Novice: 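Below: one structure in structure tokens.
Here the structure is a predicted model, which is why all the values come from computation and not from measurement.
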Amino acid sequence: IAAGCNFGVFHKWGESLWFPTIHEAARPEGSWPHLDERFLEGRRRHILEEYQAIGDLNKKGASILVVGAGFIGVEWITELQHFFPKLKLTIIDALPQCLGPLPAK
């Protein structure tokens with residue numbers, strides 16, 4: 001999981017979990033072509049599918065690496081820990097401490 005990444009640099013259309021895919025041309029080539037996220041129901045279904053996928057990983061006791069220990073990464077990993085306690089979680093960052101902009105103490 002790339003925390004705080006608003007733009008999927010490895011995807012042709014810049015697809016990202018954090019933002020709905022709304023461009024008509026991007027939907028057929030996206031990771032979720034069966035969902036129309038221009039509408040609330042499509043976005044809701046996508047969120048439920050992702051929740052189910054993480055739930056399946058939780059049942060297996062899977063390992064998750066969160067890259068980015070800024071505000072979004074720390075929030076994301078603590079929520080994963082709270083809602084999916086069987087996941088083995090790791091968080092990393094290029095800076096020497098989590099929440100790098102904050103003072104060390």
Novice: Drop me the distance from Leu57's CG to Gln52's CD, to the nearest 0.5 angstrom.
Specialist: 10.5 Å
Novice: So, Arg27 and Glu37, do they make that salt bridge, N to O below 4.0 Å?
Specialist: no
Novice: Measuring only between side-chain heavy atoms, which start at C-beta, is Glu24 closer than 4.5 Å to Arg38?
Specialist: yes
Novice: Would you call Asn58 and Pro85 a side-chain contact if the rule is heavy atoms closer than 4.5 Å?
Specialist: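 In short, these two side chains touch, coming nearer than 4.5 Å.
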Novice: Kindly indicate whether the side chain of Val66, heavy atoms from C-beta on, has any atom under 4.5 Å from the side chain of Thr90.
Specialist: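 No; the side chains remain at least 4.5 Å from each other.
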Novice: Decide side chain to side chain contact (heavy atoms under 4.5 Å, CB included) for Ile92 and Leu65; before the verdict, give the C-alpha distance in whole Å, the side-chain angles of both, and the deciding distance to 0.1 Å.
Specialist: CA-CA 8 Å; Ile92 63 170; Leu65 173 64; 4.0 Å; yes
Novice: I'd like to know if the side chain of Lys88 reaches the main chain of Ile64, judged simply by a donor and an acceptor atom lying under 3.5 Å from each other, with no hydrogens or angles considered.
Specialist: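 No: the side chain of Lys88 does not pair with the backbone of Ile64.
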Novice: Enter the distance from Glu79:CD to Ile77:CD1 here, rounded to the nearest 0.5 Å.
Specialist: 12.0 Å
Novice: Would Arg45 and Phe39 count as a side chain to side chain contact (heavy atoms under 4.5 Å, CB included) if you check the C-alpha gap in whole Å, the side-chain angles of each, and the deciding distance to 0.1 Å?
Specialist: CA-CA 10 Å; Arg45 285 181 47 211; Phe39 302 99; over 6 Å; no
Novice: Looking at every non-hydrogen atom in both residues, tell me the closest pair between Phe71 and Leu99 and how far apart they are.
Specialist: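 Reported closest heavy-atom pair: CD2-CD2, 3.5 Å.
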Novice: To the nearest 0.5 Å, tell me how far Leu35 CG sits from Ile47 CD1.
Specialist: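 Reported to 0.5 Å precision, the distance equals 10.5 Å.
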Novice: Write down the atom of Asp93, the atom of Gly70, and the distance for their closest heavy-atom approach.
Specialist: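 Closest approach of Asp93 to Gly70: OD2-N, 3.9 Å.
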Novice: For a quick check under 3.5 Å, do Gln81 and Trp76 share a side-chain donor-acceptor pair by atom type?
Specialist: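 No pair is found: no donor N or O on one side chain lies under 3.5 Å from an acceptor on the other.
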Novice: Nearest 0.5 Å please: distance from the CG atom of Asp56 over to the NZ atom of Lys60.
Specialist: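 Here the rounded value is 6.5 Å.
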Novice: Just how far is it from atom CG of Leu87 to atom NZ of Lys59, taken to the nearest 0.5 Å?
Specialist: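 If we round to the nearest 0.5 Å, Leu87:CG and Lys59:NZ are 12.0 Å apart.
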Novice: Have Glu29 and His23 got a donor and an acceptor in their side chains that come within less than 3.5 Å?
Specialist: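 Side chains of Glu29 and His23: no pair found under 3.5 Å.
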Novice: Starting at NE2 of His34, measure out to CH2 of Trp32 and round the result to the nearest 0.5 Å.
Specialist: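 Output value for this atom pair is 9.5 Å.
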Novice: Measure across Gly68 and Ile91 and return the closest heavy-atom pair with its distance rounded to 0.1 Å.
Specialist: O-CD1, 3.8 Å
Novice: Give me the atom names and distance for the closest heavy-atom approach of Gly30 to Pro33.
Specialist: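 Shortest heavy-atom separation between Gly30 and Pro33 comes out as O-CD, 3.3 Å.
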